[in-house]
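A quick write-up on the structure given underneath.
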Amino acid sequence: MAEKDKKYAAQNRKARHDYFVEEVYEAGIVLSGTEVKSIRAGTVNMKDSYCYIEEGELFVTGIHISPYEKGNIFNLDPLRDRKLLMHKKEILKLFMKIGKEGYTLVPLSMYFSGKNVKVEVGVCKGKKLWDKRETEALKAEKRDIERFERERYK
């Protein structure tokens with residue numbers, strides 16, 4: 001799918017800060033109607049979310065989808081675990097990858113693909129403190145170079 005066709009509803013920026021993202025997979029998510037309306041309104045928080053595999057199925061926990069204000073009795077628990085939809089072979093492949101020491105599954109973003117809500121799931125390895133410092137230093141250096149280039153060519 002082309003990058004421009006995606007309409008992002010939420011991104012997990014903390015995940016890219018805390019983990020090295022090795023691979024990215026796309027998964028569907030099982031939602032109710034009021035949750036989809038709430039996602040369209042942009043009331044999603046993915047900050048401390050993660051994925052796990054249980055009995056051959058992939059689930060995500062920790063995604064907070066605020067209750068839809070006009071949803072009344074149809075609103076569900078905002079922090080409930082939600083099932084992710086992937087092919088069985090892909091789930092088995094993910095299970096083998098997270099079996100390695102230090103790897104985990106983290107949802108990176110939630111977006112609309114047409115009328116469907118999709119979740120990007122990353123196979124991630126945790127960063128150590130010095131890795132985070134190194135990443136921040138590289139970002140700052142890149143920012144300074146771009147700032148210098150803009151000032152130079154004014």
**OP:** Report yes if the side chains of I65 and L31 come closer than 4.5 Å at any heavy-atom pair, otherwise no.
**Re:** yes
Subject >> N116 CG to K118 NZ distance, which is reported to the nearest 0.5 Å >> reply: 5.5 Å
Original post:
Does the pair Y111 and E26 meet the rule for a side chain to side chain contact (heavy atoms under 4.5 Å, CB included), with working shown?
Top reply: CA-CA 10 Å; Y111 59 91; E26 180 183 68; 2.3 Å; yes
**OP:** Indicate if V36 and V44 have the same hydrophobic cluster label, given that clusters are the connected sets of ILVMFWY residues with side-chain heavy-atom separations under 4.5 angstrom.
**Re:** yes
**OP:** For residues L58 and L105, determine if any side-chain heavy atom of one lies less than 4.5 Å from a side-chain heavy atom of the other.
**Re:** yes
**OP:** For the residue pair K83 and I29, establish whether any side-chain heavy-atom pair is separated by less than 4.5 Å.
**Re:** no
Original post:
Can you check side chain to side chain contact (heavy atoms under 4.5 Å, CB included) on E23 and K97, steps first, answer last?
Top reply: CA-CA 10 Å; E23 291 183 52; K97 288 185 180 182; 2.2 Å; yes
Original post:
Do R80 and E35 come close enough that some side-chain heavy atom pair is under 4.5 Å?
Top reply: yes
Original post:
Hey, does T61 have a side-chain heavy atom less than 4.5 Å from the side chain of Y50?
Top reply: yes
Subject >> Same cluster (ILVMFWY, side-chain, under 4.5 Å), I39 and M46 >> reply: yes
Original post:
Should the heavy atoms of other residues, nucleotides or ligands under 6.0 Å from OH of Y52 be counted, would the total exceed 12?
Top reply: yes
**OP:** Give the cluster check for V123 versus I91: same hydrophobic cluster or not, with ILVMFWY residues linked at side-chain heavy-atom distances below 4.5 Å.
**Re:** yes
Original post:
Can you pull the ring pair (Phe, Tyr, Trp, His ring centres under 6.0 Å) pairs that have at least one residue in residues 17-43, sequence neighbours excluded?
Top reply: none
Original post:
Which heavy-atom pair separates V21 from G122 by the least distance, and what is that distance?
Top reply: CG1-CA, 4.5 Å
Original post:
Donor-acceptor pair, S38 side chain versus S66 backbone, under 3.5 Å?
Top reply: yes
Original post:
Near K37 NZ, under 6.0 Å, is it more than 12 heavy atoms from other residues, nucleotides or ligands?
Top reply: no
Original post:
Should we say atom NZ of K47 is surrounded by more than 12 heavy atoms from elsewhere, each under 6.0 Å from it?
Top reply: no
Original post:
Looking only at heavy atoms, which two atoms of M110 and V119 are closest? And how far apart?
Top reply: CE-CG2, 4.2 Å
Original post:
Under 6.0 Å from the NZ atom of K132, do we count more than 12 heavy atoms belonging to anything else shown?
Top reply: yes
**OP:** Could you grab the distance from atom CE of M86 to atom CG of L92, nearest 0.5 Å is fine?
**Re:** 10.5 Å
Original post:
Does NZ or CZ of K125 come closer than 6.0 Å to the centre of the six-membered ring of Y103, within 45° of the ring's axis?
Top reply: yes
Original post:
Which heavy atom of A15 sits nearest a heavy atom of V106, and at what distance?
Top reply: CB-CG1, 3.6 Å
**OP:** Find out whether the Lys NZ or Arg CZ of R82 is both under 6.0 angstrom from the six-membered ring centre of F59 and within 45° of the ring's axis.
**Re:** no
Original post:
Is there a side-chain contact between V24 and V121, using heavy atoms and a 4.5 Å cut-off?
Top reply: no
Original post:
Do you reckon I53 sits in the same ILVMFWY cluster as L84, going by side-chain contacts under 4.5 Å, direct or chained?
Top reply: yes
Subject >> Rounded distance (nearest 0.5 Å) linking atom CD of E146 with atom CZ of R150 >> reply: 6.5 Å
**OP:** Check whether any side-chain heavy atom of E136 lies under 4.5 Å from a side-chain heavy atom of R133, and answer yes or no.
**Re:** no
**OP:** Could you tell me which residues satisfy side-chain hydrogen bond (donor to acceptor under 3.5 Å, both in side chains) with D48, sequence neighbours excluded, listed by chain and number?
**Re:** K14
Original post:
Can you tell me how far the OG atom of S49 sits from the CG atom of N12, to the nearest 0.5 Å?
Top reply: 4.5 Å
**OP:** Dump the intermediate steps for side chain to side chain contact (heavy atoms under 4.5 Å, CB included) on K127 and T135, then the final yes or no.
**Re:** CA-CA 10 Å; K127 285 185 182 179; T135 304; 3.3 Å; yes
**OP:** Please examine the side chains of R40 and F112, heavy atoms only from C-beta on, and report whether any two atoms are closer than 4.5 Å.
**Re:** yes
